[in-house]
Amino acid sequence: MSSLVGFLCLVFAVGINIFLIFSKYLLKLKIVSFNILIRLSCILTLASFLSLIYAYLVSDFSNFNVFQNSHSDKPLIYKISGTWGNHEGSMLLWVSILSIYAFFFSFTKKIDLNLKKLTLLIQSFLHISFSLFIIFTSNPFLINSVIVHEGLGLNPILQDPGLAIHPPILYAGYVGYSIVFSLAVASLMHESNDLEWLSIAKKWSLISWTFLTGGIALGSYWAYYELGWGGWWFWDPVENISLMPWITGLALVHSLLLVKGQQILKKWIIFLSILCFSLSIFGTFLVRSGILTSVHSFAADASRGLFILLIFFIITGFSLVVFLLKFPDNNKPVKFLFINKVSALIINNILMIIATLTILLGTIYPIIIEVLTNNRISVGGPYFNSTVIPIMIPGFLLMSIAPVLSWQTNKIKNSYYYIICFILISVIILIQSYLTEFNSWGVIGLILGVWIIIASISAIILSYKLKLNFKFLQNINPHLAHIGVGIAIIGITCSSVFQKEYDYNLNTGDNFIVNEINVVLDKIETKNEKNFQALRANFLIQEENSFKNVKSGKNYYPVSKMITSEAGILHQWDRDIYFILGDQKDEKWFVKVYVNPFVSLIWLGIIIMICCGFIGVIRK
Amino acid sequence: MILNHYFKYFLLLFISLFLFYFEALANDNLDNKVKSLTLELRCMTCQNQSIYDSDAEFSNDIKKIVKKKFEEGKSEYEIKQFLVERYGEYILFKPLFNFKNLFLWAFPFILLAIGLFFLIFLNRKNKVS
């Protein structure tokens, strides 16, 4: 029953959107009724999505999608998150978020009404394309042809609180760029010269970027404690796919800042808006078509891939054609000096685009080579580390001073202070690293991170009067965001370069010493949980006079016959001690221990960036 | 102002060159060599994990082979060649620098050059106007 309701709601929502597009030519709708129809289509799409959630909640196995991806034993939260833990449901989530964005956008004031209509029409077109994709190739409302009383279960690796909320947040980021895209294309088609839409685009691109940051962070945090590989970023194709719109979106947010300096690179902004959303769709294509080898194992189906590829070509092709035909003129020349705020932003934009395109090429290169020469090659972490990171380093350097640069001249206030500061930091870190453990990437990362933090703090102190109100917070927001980046860079550098690992073969009761801390493998026990069996090793960690317990082990999910590893992590502010329980051999357990210094700084930095993103969205 | 702000970029460049020189000297013991090589190899039986990080049987075998070959005095390049012959190029996370992969490796530099030209162009245009 709920399947039928959901399917009909989706079809009606598509109907409304088709009607909206035709109404442009047939009858002149007033903006009020236009808005109401957009909101109605959003409510219908949500109703469709909610009815799918309902089917999952009550374990309605007459729905084929529920039967394939759910199990009545699952805890409540995973019944809900199971809705988007599969291809069909996650595409419905995609469309639902798309319509939610259109819903909120329809409340925008201070915008030319025709521009708004046009934007919403493009949004409707996107809604139709993806809804048709769902209806024809990945319908989550198909009826199960046989009567069953139990489902096949959700992939255990997805049964995790972090991963339950990861897709909605990530999609909120991807799909949010659709509004910016529609606005940019609409402004091209509308051929108006007013620039109000830029500040609206800025708001929406910041919102999407913030969500995307949150989504990626959740994903990598999940990878950190669930995969049990000791790291949190693996240059996995799907990670790269999320990184591309993220970097492009970051470039977009920064180039929209140029509007504030009265110097507008309209062409560039429109191009970035198109690129951002196209990368989101292209990413969807790469993941959904299953042509990538990745941790994210989704069902592969050629017809789905072709359909999305078609959507991708229509949308990107259409927008690029509009872009070329109605190429906006840049009336005002930019004030480009070496080095002022404008040039710093332009250089940073260029670097970000180079990084994005390099990641894109590296991700699809194995596919190209396989098609052309029938050879399989891999392009993995080492390639990206040795290309993308060096490209980004000058960008990070620029970032540290960018907010204090001036719009008009190439003089920096207090430049002597900054130079002396930089040299001092470099010397101190160099000496410190020679005395402890030397690694050139470590030194570069530490200098960059510390320099960004100190330069940003100095800039705040030197250029603003300290006041405790929200206005002050908004003024120093860019600096704060950069401090967040600096903190994250330190965390990334320390945890990857100075990571230590130890292997042990232990009997229960054995003790070992990690980084001057005494650890005992206390006991190994098995437990039966609701839908899995847990094998847990309990590590007793002795610190001065207190004991701490860390449990690490494996889960066995009988429904899907899969084993997942559960890393045990002792979080301390300056390091994580990361335990992985291996296999048992000759009565002894293999235990792997990583000591990851300053991992917490990565999450702290990202949280600061996300907060700054939200502060930036709030209107001054 | 002699000490203008370009200075620190040169300084950084200088420092980094200096550091890489030292690192080349420091990183010479067997375990480090095995680690840095196996980090660049794909575990063929796992999902996107390097041989160094993986504890699969396949990875442990390759680790032993790499160590043995290093002890025999083989160079990193020779070991990679050996593994590629045996398992195909798929095993290398960092693709070989050959004709097929020329575009992959040249691409970032091409983009950098285009970016640089664009900046020079922008600068020129500004001076003219």
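Letters go in sequence order (proteins before strands), and every chain restarts at 1.
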Discussion item. Using modelled atom types and a 3.5 Å cut-off, is there a donor and acceptor pairing between side-chain atoms of A:Glu239 and backbone atoms of A:Asp236?
Written reply: yes

Worksheet item: Which answer fits A:Thr358, side chain, backbone, both or neither, if we ask what part of it has an atom under 4.5 Å from a heavy atom of chain B?
Response: both

Discussion item. Only pairs of heavy atoms separated by less than 4.5 Å count here; which of B:Val84, B:Asn101, B:Leu112 has the most with chain A?
Written reply: B:Asn101

Worksheet item: Between the side chain of A:Ser378 and the main-chain N/O of B:Tyr90, is any donor-acceptor distance below 3.5 Å?
Response: yes

Fill in: Ion pair A:Lys592/A:Glu501, N-O distance below 4.0 Å
yes

Worksheet, complete the sentence: Comparing A:Phe590, A:Tyr365, A:Phe384 against chain B, the one with the most heavy-atom pairs below 4.5 Å turns out to be A:Tyr365

Worksheet item: Looking at side-chain heavy atoms only, is the closest gap between A:Thr493 and A:Val443 below 4.5 Å?
Response: no

Item to complete: Could you tell me whether the side chain of A:Tyr504 and the main chain of A:Val593 form a donor-acceptor pair under 3.5 Å?
Response: no

Worksheet item: Judged by atom type as modelled, is there a donor-acceptor pair below 3.5 Å linking the side chain of A:Asn349 to the main-chain atoms of A:Leu345?
Response: yes

Worksheet, complete the sentence: Heaviest contributor of heavy-atom pairs below 4.5 Å to chain A, chosen from B:Ile91, B:Leu111, B:Leu96, B:Leu39, is B:Leu111

Worksheet item: Which of the residues B:Phe107, B:Phe103, B:Phe118 is involved in the greatest number of heavy-atom pairs with chain A at under 4.5 angstrom?
Response: B:Phe107

Worksheet item: So which part of A:Ile369 gets closer than 4.5 Å to some heavy atom of chain B, the side chain, the backbone, both or neither?
Response: side chain

Worksheet item: Is chain B contacted by the side chain of A:Leu357, its backbone, both, or neither, given a heavy-atom distance below 4.5 Å?
Response: both

Worksheet entry | Contacting moiety of B:Tyr52, where chain A heavy atoms sit under 4.5 Å | both

Worksheet item: In terms of heavy-atom proximity below 4.5 Å to chain B, should A:Ile391 be classed as side chain, backbone, both, or neither?
Response: side chain

Worksheet item: Are the side chain of A:Trp235 and the backbone of A:Asn385 linked by a donor-acceptor contact shorter than 3.5 Å?
Response: no

Worksheet item: Which of the residues A:Ile350, A:Asp503, A:Ile377 is involved in the greatest number of heavy-atom pairs with chain B at under 4.5 angstrom?
Response: A:Ile377

Discussion item. With chain B as the partner, which of A:Pro390, A:Ser386, A:Ala355, A:Gly381 has the greatest number of non-hydrogen pairs under 4.5 Å?
Written reply: A:Ser386

Worksheet item: Can you tell me if OH on A:Tyr502 sees more than 12 non-hydrogen neighbours from other groups inside 6.0 Å?
Response: yes

Worksheet entry | Atom group of B:Leu104 that falls short of 4.5 Å from chain A, counting heavy atoms | both

